[in-house]
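First up is the structure itself, then whatever we jot down about it.
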Protein chains: 2
Amino acid sequence: MNVLSFQCFYQKFATNYHIAMSSKIKPIKSVSLVEQVEQRILEFLKENRFKSGDSLPGEIELAENLGVSRNIVRESLSRLRMLGVVESKKRKGMFIAEPDILSGIERIMDPDLLGEEAMQHIFELRLVLEVGMSELLFIRKNDSDVDNLQEIVDREANDPLCKTDLQTRLAHEIEFHSYLYKMSGNGTLNRFQSMLLPVFHYMMQQESKSAAQPKRGSISHNDLVETLRSGTAYEFRENMRNHLTPHFSKLS
Amino acid sequence: MNVLSFQCFYQKFATNYHIAMSSKIKPIKSVSLVEQVEQRILEFLKENRFKSGDSLPGEIELAENLGVSRNIVRESLSRLRMLGVVESKKRKGMFIAEPDILSGIERIMDPDLLGEEAMQHIFELRLVLEVGMSELLFIRKNDSDVDNLQEIVDREANDPLCKTDLQTRLAHEIEFHSYLYKMSGNGTLNRFQSMLLPVFHYMMQQESKSAAQPKRGSISHNDLVETLRSGTAYEFRENMRNHLTPHFSKLS
DNA sequence: ATCTAAAATATGTCCTACATATAAAATTAA
DNA sequence: TTAATTTTATATGTAGGACATATTTTAGAT
């Protein structure tokens with residue numbers, strides 16, 4: 001299917017150059033043309049429900065009908081391309097694609113970019129996810145998963161550096177928990193966790209630096225594996241909560 | 001602090017117009033200049049740790065030193081602006097800002113844009129969050145929160161339409177659960193949930209359409225409020241899990 | 001009919017010019 | 001001298017034209 005008739009889409013955009021503000025006070029931030037066009041295109045794509053693969057009008061046609069320069073349209077499309085909403089091929093044109101929920105997050109999930117508050121939120125989010133994830137794990141776990149997890153735990157237990165080196169301990173910690181996300185069978189959740197690692201790593205170091213008490217919960221990784229093998233989702237949830245107690249106890 | 005000395009940043013970018021592929025096979029997707037520049041700028045911002053508010057070089061200077069046109073730089077910066085990594089003022093130039101983790105998601109969280117798999121992942125994610133959220137609620141709840149929640153539940157119980165109209169039932173359902181996120185004290189989590197609503201709404205309608213059995217768990221909203229008032233985080237977690245049983249039971 | 005070469009086309013990139021807003025400087029008024 | 005006002009300088013915002021590049025389609029040759 002090809003996208004035709006953009007009439008409703010184009011309506012009176014070319015005439016209204018500036019944002020309309022009938023009787024209201026002037027807004028603080030005047031929205032740039034790029035943002036307006038971006039929103040306009042997004043709304044259009046939402047209203048008419050295009051299938052992935054449908055083709056869009058060319059940039060020039062869009063620009064002419066919207067009454068803006070091709071540059072503006074290109075900047076808007078560049079943003080949508082980043083989000084995965086559209087794709088473009090050299091001579092074919094632009095197509096609808098299925099957006100990637102995490103493509104935006106992926107770019108900015110970094111301790112050197114995010115603020116302290118955002119990182120705190122993310123760290124809490126991680127705790128929430130790991131406790132709430134239990135049900136998914138029990139629905140989708142299989143024997144080889146548990147075996148692999150057991151192997152990870154054994155490697156950790158036999159690593160002599162684990163007692164002394166924080167980095168080593170962190171690496172094992174991350175490997176274990178990462179595998180849980182993988183087992184969840186939820187690709188988005190799994191990818192999110194892997195993106196979250198730098199922030200997680202940063203927060204853990206901060207934590208160990210300030211408190212100087214890397215006290216662990218009474219539930220070990222090994223206990224968790226055992227619960228996963230022969231326990232219930234309900235038990236695993238509470239054990240995970242217990243395992244994460246050192247982190248929960250720092251919240252306020 | 002002003003950003004000076006971009007030497008390391010600019011290094012041999014102007015010379016290498018195309019991506020280097022020394023001995024490897026040609027990649028499937030040749031990365032566009034915009035993406036390269038976007039990545040380069042992001043890396044630069046990560047490596048040197050700028051405070052929010054630091055000023056960046058102007059577009060023209062960036063373009064010249066990177067060996068690309070101003071258009072390319074502008075498209076890249078437009079993306080970063082969308083993510084909230086940078087902000088720009090008319091005569092001042094561009095500044096570092098604290099990125100918004102959810103700005104990308106906000107734009108695409110729509111049933112008409114996302115694919116079925118993505119929506120399934122998001123729906124599962126919602127279940128995970130609400131079960132895992134319990135601890136945050138008990139850490140941050142206060143009396144007025146519980147009262148407000150009780151009021152929401154009472155309104156639901158006294159709404160006669162609740163028995164017959166699916167939309168009404170959904171509205172109450174959403175109001176209740178939304179308030180829980182608000183109570184979590186985690187702004188990012190709360191905003192995420194509000195963005196998630198359209199997808200949630202869509203999935204619930206799909207569910208009620210297919211199964212025609214809107215059977216509820218044995219735990220009601222009223223039970224959850226009571227648990228929140230005088231129970232423990234542990235009890236609330238399990239009650240919430242029970243409340244969501246109709247949804248969990250459809251997973252595979 | 002098959003393979004090959006040329007043309008057509010939409011995106012990708014570059015360039016120049018001007019519009020616009022606003023901080024900073026210069027000027028005038030009190 | 002100080003305060004208010006006007007002017008100027010500057011970086012982003014927008015416009016439009018030109019060419020590069022890749023790839024589909026068409027035309028042509030074997």
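With dT14(D), dT24(D), dT11(C) as the choices, the nucleotide that has an atom nearest any side-chain atom of Ile60(A) turns out to be dT11(C).
To the nearest angstrom, P of dT12(D) lies 15 Å from CD1 of Ile72(A). For the pair Glu64(A) CD and dG16(D) P, the interatomic distance rounds to 10 Å; values are reported in whole Å. To the nearest angstrom, C1' of dT10(D) lies 13 Å from CZ of Phe95(B). Note: CG (Leu66(A)) to C1' (dT14(D)) measures 14 Å, nearest angstrom. dA20(D) atom C1' lies 12 Å from atom CG of Leu33(B), rounded to whole Å. Nucleotide dT12(D) holds its P atom 12 Å from the NZ atom of Lys92(B), rounded to whole Å. Regarding Lys90(A), its NZ atom lies at a distance of 8 Å from the P atom of dT21(D), rounded to whole Å. In this structure, the CG atom of Asn71(B) is 8 Å from the C1' atom of dC15(C), given to the nearest Å.
Minimum heavy-atom separation, Val73(A) to Ala63(A): CG2-CA, 3.6 Å.
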For residues 110-118 of chain B, tabulate all N or O donor-acceptor pairs below 3.5 Å that involve a side-chain atom, not counting sequence neighbours.
from      : atom 1 : to        : atom 2 : distance (Å)
Asp110(B) : OD1    : Asp112(B) : N      : 2.8
Asp112(B) : OD1    : Arg49(A)  : NE     : 3.2
Glu116(B) : OE2    : Tyr202(B) : OH     : 3.3

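Taking 4.5 Å as the limit, every side-chain heavy atom of His201(A) sits out of range of all side-chain heavy atoms of Gln206(A).
At the phosphate of dT11(C), neither OP1 nor OP2 sits under 4.0 Å from any side-chain N or O atom of Ser32(B). Taking side-chain N and O atoms only, Arg74(A) has no distance below 4.0 Å to OP1 or OP2 of dG16(D). Using a 4.0 Å cut-off, some side-chain N or O of Ser88(B) falls inside it from OP1 or OP2 of dG13(D).
By the 6.0 Å contact criterion, NZ on Lys46(B) is enclosed, its count of non-hydrogen atoms from other residues, nucleotides or ligands being greater than 12.
In the interface, the side chain of Arg70(A) is paired with the base of dG12(C) through a donor and an acceptor atom under 3.5 Å apart.
Between Tyr181(B) and the options Gln193(B), Glu130(B), Arg126(B), a side chain to side chain donor-acceptor pair (under 3.5 Å) holds for only Glu130(B).
For the pair Arg91(A) and Glu59(B), both in contact range of DNA chain D, the more 5′-proximal nearest nucleotide belongs to Glu59(B).
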